[in-house]
Amino acid sequence: MLVVGLSFSTRLYKITEPPHVCWDETHFGKMGSYYINRTFFFDVHPPLGKMLIGLAGYMTGYDGTFPFIKPGDKYEHHNYWGMRGFCAVLGSFLPVFAYLIVLELSQSHTAALITASLLIFDTGCISISQYILLDPILMFFIMAAVLSMVKFNQQRHRPFTAPWWLWLVLIGVNLAGALGVKFVGLFVILLVGLNTVWDLWRLLGDLSLSLVDIAKHFLARVVGLILLPLFLYVTIFAIHFVVLNKSGPGDGFFSSAFQSRLIGNNLHNASMPEYLAYGSTITVKNLRIAGGYLHSHWHLYPEGVGARQQQVTAYLHKDYNNLWLVHRQDNNTSQSGTPDLVRHGDIIRLEHKETTRNLHSHLHEAPLTKKHFQVTGYGTNGTGDTNDLWQVEVCGGRKGDLVKVLRSKVRFLHRATGCVLYSSGKTLPKWGWEQVEVTCSPYLKETPSSQWNIEDHINPRLPNISLSVLKPHFLEILLESHIVMIRGNSGLKPKDNEMNSKPWHWPINYQGLRFSGVNETEYRVYLLGNPVIWWMNLATLGLYLIMVAVASVALQRGFSLGPKRMEHACVLMRGGGLLLLGWLLHYAPFYTMGRVLYYHHYFPAMLFSTMLTGITLDILLKSADLLLHPPYSDWLQRVGQMVFLFTVLYSFYLFHPLSYGMTGPLAHEPGSAMAGLKWMDSWEF
């Protein structure tokens, strides 16, 4: 009750402060609004977290009208506290779950209380739980999965009883939850997977079990830990697609067929001429996922990047600059009667509607893909040269075949150089507005990157047909949305001037994150772990390894440790080993990631590190009788516990303004609440 009370009160205190948008609330609050308004959007994370945020807002009377444009925007009369409160409640369960996990692993209330107090009074855990973010939701499911796993392990002597099934099913539900919030949920799935493999290996060595019994155990785990989570995960996406049925800002990332599902999209129940004709205004979409629309604008390629001509890129959003006019090679498109249709093998020119330059290529190298040729916009009012001519090729077609709008896969072969129009999927630097590079590839193999379809098609001189024939089925949209998410995730490269933290920064608490406010007139919140707690965690990691090494050597050399010491060694190796593995699985993979990383990515690993600290410090204090005889050893143990508690509480008293808001002078100025506490130059409060 004490842990629950303290945990909820520290998280829910000042939950409505500051009454403006903080840090990533601008993304996740906005996405919650999209669910309430049923507007389709694209995000690199699976949908469960945003769905729950939207649901929490909806249940507490938020109407989905606040725009969440940028951090610092005032909420005014909008009901934002429900979404923040929901995240804070889930964040409040973390110390409770940690208490129960450590209690289960060590059978020691002291270890559990040490762990809970570290998490309750950690400024970082408080800050990350108090805002509309995915992190508290993700960590809730991770910790719930670990708790269920530890409880399930305790039921090993009572297989197939009701509690055994309950914990098995709960592991499955929480794994689906963790993966449904962020792909980081894969790490906890790996932890549970390794634990299950070890468990089955142990059962295989139990000679009292028949092979039929072992098969039953195996099948139960397949159902509970693979089929059930998979079913729930797919269900999350099914709900996501049913709820988001209106066109929105995410349409352009998806294929034309996907977009035709969305109410309000120009392809939904649309009608347009069926076959491509000369004189038509069109948009051309690349068929690689997130390949973009063929696009140009008035800006030129910079000095030293190929010829200094107009940029041609691929752009993921619908835009007026995506429109192109289709002309014959000799320019004489008739203006009256029925227009001629474009056929497989025809040679055409594409003129950019806004700038009147032609789609053009030549033997200069492309900006990023150096083995390809540059594509530019060239000429004026549609007058250019022979490098503007492209041959239309329908994939799988024969000479004379017509080009069907939306359905034909088309390639554009450059007549002069023999290369093929190509979207590389690479993001151009600042000068290219971070749009996607378009090149002309000398490699003629058919790939989605070199295939295009005609999406919009405007020609008032042709009859329109309905497009409702395109609707894709559920598995197609499920697969497509995953490929788009994975591409989006790997595309999150660090920007030039952006704060990008390194994984080695995190355990040493090198640098935090500004949640709100910069100057002294503003309400400032800074995400930074309580340094005393984080450094204690780091020191204890080393201490844990030393203690395990000492215990292992003692056991190996045959020292008689006594029943109590044996129990301690067992808890250290089994319980501590599981938590160390959890920490490694949630931390080490970040060293291999190419995407942009932030300080808050360390928090799931930090939970495991803190639980390990609880177990290690408890056993260290209980080993006081190695130094002193009772009752002095008991006194030493009590003094150690008191010093620990005082240190944690006093450090929380010093650093709590980081979480609950600082106003007035900055830390390095006199008269500041944080004066003298800026222990590292890299902290920015």
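Counting begins at 1 with the first residue of the sequence.
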Using only heavy-atom distances, determine whether the side chains of [X] and [Y] contain a donor-acceptor pair under 3.5 Å.
X      : Y      : result
His344 : Glu393 : no
Tyr598 : Tyr602 : no
Thr369 : Glu437 : yes
Gln310 : Thr355 : yes
Glu434 : Thr427 : no

Phe237 and Pro46, any side-chain heavy atoms less than 4.5 Å apart = yes

Can you check whether Tyr278 reaches Pro339 side chain to side chain, under 4.5 Å on heavy atoms?
->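 They are not in side-chain contact.
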
Donor-acceptor under 3.5 Å ([X] side chain, [Y] main chain):
X      : Y      : answer
Gln259 : Phe254 : yes
Asn195 : Leu191 : no
His352 : Trp324 : no
Trp390 : Leu421 : no

Heavy-atom pair with the smallest gap, counting every atom of [X] and [Y]:
X      : Y      : result
Pro47  : His240 : CB-ND1, 3.4 Å
Arg411 : Cys395 : CG-SG, 3.6 Å
Asn286 : Gln451 : ND2-O, 3.4 Å
Asn387 : Ala416 : OD1-CB, 3.0 Å

Residue that, paired with His295, satisfies side-chain hydrogen bond (donor to acceptor under 3.5 Å, both in side chains) out of Thr313, Thr283, Asn322 = Asn322

Residues Leu402, Val342; criterion side-chain contact (heavy atoms from CB on, under 4.5 Å); working and verdict = CA-CA 6 Å; Leu402 297 172; Val342 177; over 6 Å; no

Asp346/Arg328 ion pair, N-O < 4.0 Å =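 Arg328 and Asp346: not salt-bridged.
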
